[in-house]
Amino acid sequence: MNDEANSHYFAIIEQMMEGNMWLNDTIGVVPKNSWSIDPFGYSSTMAYLLRRMGFHNMLIQRTHYELKKELAMKKNLEYLWRQNWDIEETTDIFVHMMPFYSYDIPHTCGPEPAICCQFDFARMRGFSYESCPWRFDPVETDADNVQERATKLLDQYKKKSTLYRTNTLLIPLGDDFRYVSVDEAEVQFRNYEKLFDYINSNPHLNAEVKFGTLEDYFSTLRDEAEKINYSRPGELGSAELQGFPTLSGDFFTYADRNQDYWSGYYVSRPFFKAVDRVLEQMLRASEILGSFVLGYCQKFQCAKLPISFSHKLTAARRNLALFQHHDGVTGTAKDHVVVDYGTRMHTSLQDLQLFMSRAVEVLLGDFHDRSDPTLLSHFETVQERSKYDVQPVHRVLDPHEGKAQSIVFFNPLEQTRDEIVMVVVSTLDVSVLNSNGSCLQSQVSPEWKFVSDEKISTGRHRLYWRASVPALGLETYYVVTGQDCEKAIPAVVKTFTASQQFPCPEPYVCSKLEGKTVEMKNSYYTLSFDVSHGLLQTVTGHKDGEQIVIGEEIGMYRSHGSGAYLFKPIGEAHSIVEEGGHFILTEGPLVQEAHSLPKTEWHKSPLSHSTRIYDCGDSIQDMLIEKEYHVELVGHVFNDKELIVRYKTNIDNQRIFYSDLNGFQMSRRQTYDKIPLQGNYYPMPSLAFLQDSLGTRFSVHSKQSLGAASLKNGWLEIMLDRRLVQDDGRGLGQGVMDNRPMNVIFHLLRESNVSALPKTHSLLTLQPSLLSHRVGAHLNYPMHAFMSKKPHEKSFKLPQQSFTPLTASLPCDVHIVNLKVPQPLRFPHAEAASQRFAILLQRRGWDSSYCKRGGLHCTTVGEEPVNLFYMFKDLSAVNVKATSLNLLHDDPEMLGYLEQIGDVAQEGNVLISPMEIQAYKLDLQLPSLQEE
């Protein structure tokens, strides 16, 4: 049961695919009913994905107690869940919501736990489970008491049945850590058999009770609902199943009692929420590179390459899948379990990096030893992690006179990418060449520390240049020293320090900042900062001259009763930044950076941060503002504190904001005074935005899951970390004190739409713009950089400098969710005509009231359909067949798709509606092989 608040849709699809395929391969079962009783709130993304995986029914439990009450009153606990964009009714899936507080036996037989507990026979003496807290314990059923016991149980069943429409009733019988022995299973079965026999043999009781599976329940209910119409007057039903209401939306934020809102877990253990997404994008990149290696290598021995690696690839898929558990990515596991999750993910990251380094080499035509494809590559990743719980660091390039160091970039996105890239170098005397030997403009800036001590600079330098890398492709650059072409331009440094002298790093020129505010600008924006606090104040767009107040603030909640699950603040957050500290402005032709080491009441500040803007020359990067927060909520001074960043904008959003569900769709969020502050916090896996009636929009893109709120008009706050001493009584049995230093990166975007909204905020859920989708994709699927392990002669060239697998960039609203070989171990033994590859394509839904392209140079699917036959430049896609998202069903009709997605086999055209994800099985072959 994966978490539904913090998990990304890629990882949900991946874990379902991996698990469902394993079930089918191992025991020949294809599931069609979803059982999800423990995640803390539910996302409509899950309903969509399950429907497109061939599921028809789902069961859920943890939803707000007031909501259960409301639905129960109207007998709406069973309904069809429909996506809020779905006009054609193609996404409906039947849902059973359990009605009571818990899924244990006291809360599943009926409304009275004191009675239900007496029917949990494993609580009798001789078993290790606790006795009933209501003082009436179960007793063995016998001929003398069976009438009284059965009547009492049936009375609970009848009361529970009044909350549902049909005469078919589900009574789950179990709990965590149950059925651990044959004796335990036997005692439950023996007693229930006697009770059932009594009820079934007494016709006057008008009931039939039997053991069954979830499938038995849903099929019995559907049979009944087809015979009897349970529809209510005026109710909009569904063609999927008559007699029930349709609902849209999601079930956040969950509360199980009183004011106990489960919004803490949106942020708990944020370090590992970040690792989760790094592993995800690394796995996706490896799957794509592995697919190309196998596609291109069918001629060569190197077809063995990923086979030797197949076991590690499978382990990586499963380690990512495992972490999607509702106590994994949620941050609600015990410390030693967190270490295990972290270690597994770290191991897989290392494995994938080694594999990618080798794959890059093979795709650039270097098979230096075909007989042993597991040989180590000449390349290594530019970033490395030394341990499972530390941030990655950049390897330092140390160029030698007369030698070159090659850097290869892999672009995991489906459009060509022009962006400023960065490596760390040991010297300023460097130049950058592109693959045909031409000099490129570059910039060097000092590398600053995030923790202030004597020296604020690390003594190393950041080297920036503009790279252009083809879609899903590779491109090589060279870093050289002592070259006679243009050297990297050193940045100009301006500083403000309240106290001591600023140690200017050699050989940069540093000057003092004068005045209370300072500006930093690129071709799109002018940013204004409050120098003495080091905070971003306003952003002015050059195109429209509009100024938007950002009003950045760093704040801290004190809390009492908060734990891994619950957020229980004492009052409001207080600003923690005082006047003073260090503020450093670094300006160059490509990158401007404002680095802030703020002064706080603590000797060691819990946070420092950087703001960057880029001049890449009319690319996506120029249109965003990058914020990087270094968070260290480490040490007892921060006990029971929860750290936030807040943007106090001048956007009149009426306390309505939009946050994403699983990186897949947006949900409208409205702040209510009638519920406590913690109930107005919502999941923010990757995006939140505010908007006013004129269409001015302020978006924050994140590369990891966190929690967000808009508590006052114009405010958007995001929680960064939390450190809690106490357990909050929901089963974890400990606080959250294992905080680790970490960096959180946001991309801020300011947009004005071209056709203003109506004055009132309708209940419509808004979509991101095309530009916003691209910004999110760039942040969540960054370029992967590889460097040669040793410097080489300048004359040395790889067999190929670049690799361009696609015929052209795909349209801007199409995303390749994944391109993979689902069963790599079987690849070499598969028949020639079999479908060894799978591709998942998504068409993003976007808000057309914003500038259509948002300044992007690309087309949309509406203008340029996608054709699988012509998508790849050298590889032919053959035997294309539509399938379900878990790759197990080949009948598109049963998956609810509107378009005839099955027709792709004839012409190769992919018909895809906005918001849909579609999967295809296919084979990729080099044309020369087909002729043979």
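Values below: every heavy atom of this structure, side chains too, minus hydrogens, waters and symmetry copies. What you see is a predicted model, and the numbers here were worked out from it, not measured in a lab.
Residue-environment remark: CZ (Arg385) exceeds the threshold of 12 foreign heavy atoms within 6.0 Å. Applying the 6.0 Å contact sphere to NZ of Lys75 captures more than 12 heavy atoms from other residues, nucleotides or ligands. Sparse packing is recorded around NZ of Lys69, with 12 or fewer heavy atoms of other residues, nucleotides or ligands lying under 6.0 Å away. Other residues, nucleotides and ligands place no more than 12 heavy atoms under 6.0 Å from the CH2 atom of Trp22. Counted within 6.0 Å of OH on Tyr179, heavy atoms from surrounding residues, nucleotides or ligands total more than 12; the atom is thus considered enclosed.
Remark: the backbone N or O of Ser44 is paired with a side-chain donor or acceptor of Gln83 at under 3.5 angstrom. Panel note: side chain Asn662, backbone Glu4; a donor-acceptor pair is recorded below 3.5 Å. Side-chain atoms of Lys604 do not come within 3.5 Å of backbone N or O of Val451 as any donor-acceptor pair. Proximity of a side-chain donor or acceptor of Asn319 to a complementary backbone N or O of Ser348 within less than 3.5 Å is not detected. With hydrogens and angles ignored, the 3.5 Å screen pairs a side-chain donor or acceptor of Lys273 with a backbone N or O of Ser268. Arg669 contributes no side-chain N or O that, together with a main-chain N or O of Ile656, makes up a donor-acceptor pair within less than 3.5 Å. Here the side chain of Lys68 pairs a donor or acceptor atom with the backbone of Gln61 at under 3.5 angstrom. Side-chain N or O atoms of Asp276 include none that pairs as donor or acceptor with a backbone N or O of Val329 at under 3.5 Å. A distance-only check finds no donor-acceptor pair linking the side chain of Lys160 to the backbone of Pro99 [under 3.5 Å]. Counting only distance, with no hydrogens or angles, the side chain of Asp727 and the backbone of Gln734 share a donor-acceptor pair below 3.5 Å.
With respect to Lys334 and Asp340, no salt bridge is recorded, no charged nitrogen being found less than 4.0 Å from a carboxylate O. Classification of Glu70 and Lys74 as a salt-bridged pair holds, one side-chain N sitting under 4.0 Å from a carboxylate O. Between Arg730 and Asp728 there is no salt bridge, since no side-chain N of the basic residue sits under 4.0 Å from a carboxylate O of the acidic one. Ion pairing between a basic and an acidic side chain is recognised when a charged N comes within 4.0 Å of a carboxylate O; Asp640 and Lys568 show no such pairing. A salt bridge is absent between Arg646 and Glu552: the closest approach of a Lys/Arg side-chain nitrogen to an acidic carboxylate oxygen does not fall below 4.0 angstrom. Checked for salt-bridge contact, Arg740 and Asp738 meet the test: a charged N lies under 4.0 Å from a carboxylate O.
For Pro133 against Arg123, the heavy-atom pair with the smallest separation is CD-NH1, 4.2 Å. Pairing each heavy atom of Asn713 with each of Arg655, the nearest pair is N-CG, 3.6 Å. Residues Met16 and Leu50 approach most closely at CE-CD2, 3.5 Å, considering heavy atoms. The nearest pair of heavy atoms linking Gln118 to Cys132 is N-SG, 4.3 Å. Taking every heavy atom of both residues into account, Ser702 and Asn780 meet most closely at O-ND2, 3.5 Å. When every heavy atom of Leu661 is checked against every heavy atom of Thr45, the shortest pair comes out as O-OG1, 3.4 Å.
Ring-centre distance between His325 and Tyr341: not below the 6.0 Å cut-off. Between Tyr629 and Phe746, the gap from one ring centroid to the other is short of 6.0 Å. Taking the six-membered ring where the residue is Trp, the centroids of Trp85 and Tyr48 are separated by under 6.0 Å. Taking the six-membered ring for Trp and the full ring otherwise, the centers of Phe698 and Tyr647 sit less than 6.0 Å from each other. The aromatic ring centres of Tyr261 and His64 sit less than 6.0 Å apart. Taking the six-membered ring where the residue is Trp, the centroids of Phe664 and His8 are separated by 6.0 Å or more. Taking the six-membered ring for Trp and the full ring otherwise, Tyr129 and Phe177 have centroids separated by 6.0 Å or more.
A distance of 9.5 Å separates CD1 in Ile576 from CD1 in Ile644, rounded to the nearest 0.5 Å. For the atom pair CD1 (Ile718) and CG (Leu643), the distance works out to 12.0 Å, reported to the nearest 0.5 Å. In this structure, OH on Tyr265 lies 11.0 Å from OH on Tyr565, to the nearest 0.5 angstrom. Once rounded to the nearest 0.5 Å, the distance linking CD of Gln691 with CG of Leu766 reads 5.0 Å. We find the CG-OG1 distance between Asn680 and Thr253 to be 8.5 Å, quoted to the nearest 0.5 Å. For the atom pair CG (Leu607) and CG (Leu633), the distance works out to 9.5 Å, reported to the nearest 0.5 Å.
Annotation: cation-pi geometry not satisfied between Arg62 and Tyr42 (NZ/CZ under 6.0 angstrom from ring centroid, within 45° of ring axis). Judged by a 6.0 Å distance limit and a 45° cone about the ring axis, Lys641 is not positioned over the six-membered ring of Phe638.
Checking Phe252, Phe40, Phe567 one by one against Tyr266, the side chain to side chain contact (heavy atoms under 4.5 Å, CB included) holds for a single residue, Phe252.
Classified by interplanar angle (parallel below 30°, tilted 30° to 60°, perpendicular above 60°), the ring pair Tyr388/Phe272 is parallel. The aromatic rings of Tyr254 and Trp262 lie tilted to each other, with the angle between the two planes from 30° to 60°. Classified by interplanar angle (parallel below 30°, tilted 30° to 60°, perpendicular above 60°), the ring pair Phe251/Tyr79 is tilted.
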Query raised in the report: Do His609 and Phe450 pass the ring-ring contact (aromatic ring centres under 6.0 Å, His included) test, and can you show the C-alpha distance, the side-chain angles, and the key distance before you say yes or no?
Result: CA-CA 7 Å; His609 55 106; Phe450 277 113; 9.3 Å; no
Report task. List the steps and the verdict of side-chain hydrogen bond (donor to acceptor under 3.5 Å, both in side chains) for Ser710 and Asn653. Result -> CA-CA 9 Å; Ser710 177; Asn653 71 320; 3.1 Å; yes
Query raised in the report: When you look at Gln678 and Gln259, which way does the side-chain hydrogen bond (donor to acceptor under 3.5 Å, both in side chains) test go after all the steps?
Result: CA-CA 8 Å; Gln678 60 269 28; Gln259 306 271 286; 5.2 Å; no
Report task. Show your reasoning for whether side chain to side chain contact (heavy atoms under 4.5 Å, CB included) applies to Ile105 and Arg178. Result -> CA-CA 11 Å; Ile105 296 173; Arg178 286 302 188 93; 4.2 Å; yes
Requested in this report: Evaluate side-chain hydrogen bond (donor to acceptor under 3.5 Å, both in side chains) for His630 paired with Glu628, printing each intermediate quantity in order.
Outcome: CA-CA 7 Å; His630 178 80; Glu628 181 168 14; over 6 Å; no
Query - Candidate pair Thr332 and Asp327, rule side-chain hydrogen bond (donor to acceptor under 3.5 Å, both in side chains), full reasoning - result: CA-CA 5 Å; Thr332 56; Asp327 290 314; 2.8 Å; yes
Query raised in the report: What do the steps show when you test Gln281 against Val278 for side chain to side chain contact (heavy atoms under 4.5 Å, CB included), and what is the final call?
Result: CA-CA 5 Å; Gln281 45 105 344; Val278 174; 4.1 Å; yes
**Report entry** Intermediate values then yes/no, ring-ring contact (aromatic ring centres under 6.0 Å, His included), His96 and Tyr164
**Finding:** CA-CA 10 Å; His96 171 95; Tyr164 294 93; 5.0 Å; yes
